[in-house]
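The structure appears right after this line, and notes come after that.
Remember, predicted model here, so these are calculated numbers, not experimental data.
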Amino acid sequence: MIINQNITTTGECWSEKFGIPCCKEALMPLRTTYDGGWSQENGEWCGLGESLRPIDDIPPPATPVYKLKDMVDPAADCDISDVIHGDSLGQEAPFRFGVGLYGNDLAMSTITSEKMRKVIKYQFNSMTYTNLMNPSAILDQQASIDNIMNGNEDPILNFSNIVDGLDFAYKNGLNIRGHALVWHTQVPEWFFRDGYYSNTEFVSRDVMEYRLDSYIRKFLGFVQFNYPGTVDVWDVVNEAIEITDGQYDETTGWYTRTANNKTPNPWYEIFGPDYVAIAFRIARKYALPNVKLIYNDHNTFQIQPHDKTQAIIDLANILQQENLIDGIGMQSYIGVTWPNLDDYFNGLERLITSTGLEIQITELTITPPIGDNWLGAQAEQYYEYFNRLLSYIKNGYNISSVTVYGLQDGYRFYTKDSTKTRLLDHDLKKKPNFNAIINVLKNYNEAVASDNIIEISEIKEEEENKKIKEKEKEKEKIIDNDDEEKGEKEVKKVNEKEDKINVHTDINNDSEDENNSESEDGSESENDSDMKMAVKVKMIVKKKKIKVKRKLNQIKSQIKNQNQLRVNKIKKTSIIKKRRVKMKK
């Protein structure tokens, strides 16, 4: 009896809890993680064998979410009817279109506003917590101290700030970019110190690696068990490269950050440059196979005072040797004069062509110029940016998502916010830059649709031409066969005549030999006459053969010329049609 090892002892497929089916035919694992072995069928991941996760390490269930009616909504008086009807960025875009969720705690989180939720649900299909998924918002110091006092080195994580957003995304089919697991800022220093206290010595490399492993295991396990498929991208390491002199390790070949504004990088202090690879190894160990692991950084286009783009390429190539990385995140903070878009997109092009990895635009923020017409100028900035970005996508560059970093200018949860870079204003009304993006997306979609129509038309035309050519070839074969058959008959007739003449000549020759002794003078005269006649007939037959062959060749040549004229006419018609299409464009 063959036992399906993909079914647990309870008769259930173990990987279905993650939204991934068990394999039906695949036997060899393509990847093995903490939860089990994985393979692919029809290009999709599937679970192999039985779950490898220890039965005593099941992540805790999600904590209850807050009731929106109990939360204060600073956008309650906003009229959002226009922004939740009509054009949608997420629906128009050929990539995942996301938005950053601001707020330093749950009380100020975008997701606690009912009005903002409705806008996000209609306009976007992805979200990124700008702060609340960083270690400083997840790690619980006192609970970690208590845990270590009980003999357990594992840090304690508190997900109360993000469960509302996770629940909202999961129930509404939105995705979340996990941001970020390892960063030199927004990570508490006590996480690196003995006993989790703020004033003790740094722990050893081995202890810190255990803590990081535990942190990532618990974080990924919690979201993958409770909200399967929701957090399907992680910024594993953020901003590990620094090209400011005096703040990087020049021995690594990729300008490993040693400090930030002269404040030491705690990850580098303990692990040295290995901290990036260590973090990615741990993340790959615990991430489901359909979760993408990203290296995220700012100024990814910068080449002065050192080539940061090349440093990112070199780091990515190192990580690719162990299959640890799936993409590169370009934060994309763009000012009025710096960077210019030529430099920016040169950097994007280099990253894709040199690594083969996908690109995600993770924190898009375009600063408008100062002046009375800043809204119009900003719309032009966004229009040009997205127009150029889409040209790369049209040419096959793998740009899988764009996230604008924030929902509205003058964020209503903050008492003071002078930001003017977002797509909606203080009242959640569409700004000109919103409309500019929509226009670019629509133009792109129309162009793609038109190209598809032309391509389909050209394919059909090519198929018709092919059929015509095949028919002409068939006709040519028929004509050739008919002519050859007629020619062969003519030649056959001539050959028969020639054979008769040859036979007659042979008979005359024999008669000449027999009668030679009887009448030598008379036979000479008659035989000469017959010989001349035979030679004459042979010449006539030979000329007839030549004439028949010439006629055959003429017929073949005429057919060939007629076919070529038809082909030329078809080609000319096709060229004219293409020119007309271009003129219409």
Would you call the rings of Y275 and W267 parallel, tilted or perpendicular if under 30° counts as parallel and over 60° as perpendicular? parallel
If a pair satisfies disulfide bond (SG atoms under 2.5 Å apart) and one of its residues is in residues 33-121, list it, with sequence neighbours excluded. C23-C46
Donor-acceptor contact present, side-chain N125 to main-chain F97, <3.5 Å: yes
Taking only residues two or more places apart in sequence, or in another chain, which ones meet A180 in a side-chain contact (heavy atoms from CB on, under 4.5 Å)? N134, D235, N238
Using the ring-ring contact (aromatic ring centres under 6.0 Å, His included) rule, take Y333 and Y344 through it: C-alpha gap first, then chi angles, then the decisive distance, then the call. CA-CA 10 Å; Y333 289 88; Y344 174 89; over 10 Å; no
Any side-chain donor near an acceptor of the partner, N158 and S160, under 3.5 Å: yes
Side chains of K292 and Q360: donor-acceptor distance under 3.5 Å anywhere? no
For P228, is there any backbone N or O sitting under 3.5 Å from a side-chain donor or acceptor partner on K17? no
Test ring-ring contact (aromatic ring centres under 6.0 Å, His included) on W234 and F219; report intermediate values, then the result. CA-CA 11 Å; W234 280 97; F219 205 160; 5.0 Å; yes
Heavy-atom side-chain proximity of I318 to W254 below 4.5 angstrom: yes
Going by atom types only, do Y414 and Y102 share a side-chain donor-acceptor pair under 3.5 Å? no
Taking only Lys NZ, Arg NE, NH1 and NH2, and the carboxylate oxygens of Asp or Glu, determine whether R257 and D297 approach each other closer than 4.0 Å. no
When you look at D79 and S81, which way does the side-chain hydrogen bond (donor to acceptor under 3.5 Å, both in side chains) test go after all the steps? CA-CA 6 Å; D79 179 5; S81 57; 2.9 Å; yes
Using modelled atom types and a 3.5 Å cut-off, is there a donor and acceptor pairing between side-chain atoms of R422 and backbone atoms of Q408? yes
Can you tell me how far the CZ atom of R281 sits from the CD atom of E322, to the nearest 0.5 Å? 4.0 Å
Evaluate Y397 against I359 for side-chain contact (heavy atoms from CB on, under 4.5 Å), listing each step before the verdict. CA-CA 9 Å; Y397 285 77; I359 292 293; over 6 Å; no
Judged by atom type as modelled, is there a donor-acceptor pair below 3.5 Å linking the side chain of Y129 to the main-chain atoms of S109? no
Under a 3.5 Å distance rule, please check whether T403 uses its side chain to pair with a backbone N or O of E363 as donor and acceptor. no
Is it the case that the side chains of T419 and D417 hold a donor-acceptor pair, with the cut-off being a distance below 3.5 Å and no angle test? yes
Without swapping roles, check the side chain of D105 against the backbone of A107 for a donor-acceptor pair under 3.5 Å. yes
Could you check whether Y405 and T421, counting side-chain N and O atoms only, form a donor-acceptor pair closer than 3.5 Å? no
So, is the end of the R193 side chain (NZ or CZ) under 6.0 Å from the ring centre of F202 and within 45° of the ring's axis? yes
Could you walk me through whether R284 and D326 pass salt bridge (Lys or Arg N to Asp or Glu O under 4.0 Å), step by step? CA-CA 10 Å; R284 186 64 93 195; D326 300 301; 3.2 Å; yes
Evaluate the side-chain contact (heavy atoms from CB on, under 4.5 Å) criterion for residues V99 and I120: first the C-alpha distance (whole Å), next the side-chain angles of each, then the deciding distance (0.1 Å), finally the verdict. CA-CA 8 Å; V99 63; I120 291 169; 4.2 Å; yes
How long is the straight-line distance from CG of L324 back to NZ of K285, given to the nearest 0.5 Å? 13.0 Å
Between D146 and Q142: side-chain donor-acceptor atoms closer than 3.5 Å: yes
Check each of Y227, F225, Y34 against F18 using the ring pair (Phe, Tyr, Trp, His ring centres under 6.0 Å) test, and report the only one that passes. F225
Could you tell me whether the side chains of Y196 and Q141 share a donor-acceptor contact shorter than 3.5 Å? no
Strictly by salt bridge (Lys or Arg N to Asp or Glu O under 4.0 Å), give each pair with a member in residues 218-228 just once, sequence neighbours left out. none
May I ask you to check whether T256 and D249 show a side-chain donor-acceptor distance below 3.5 Å? no
Quick check against the 3.5 Å criterion: does S332 have a side-chain atom that pairs as donor or acceptor with the backbone of L364? no
Does a donor on one side chain sit under 3.5 Å from an acceptor on the other, for E50 and W14? no
Checking D73 against S113: is there a side-chain donor and acceptor pair closer than 3.5 Å? yes
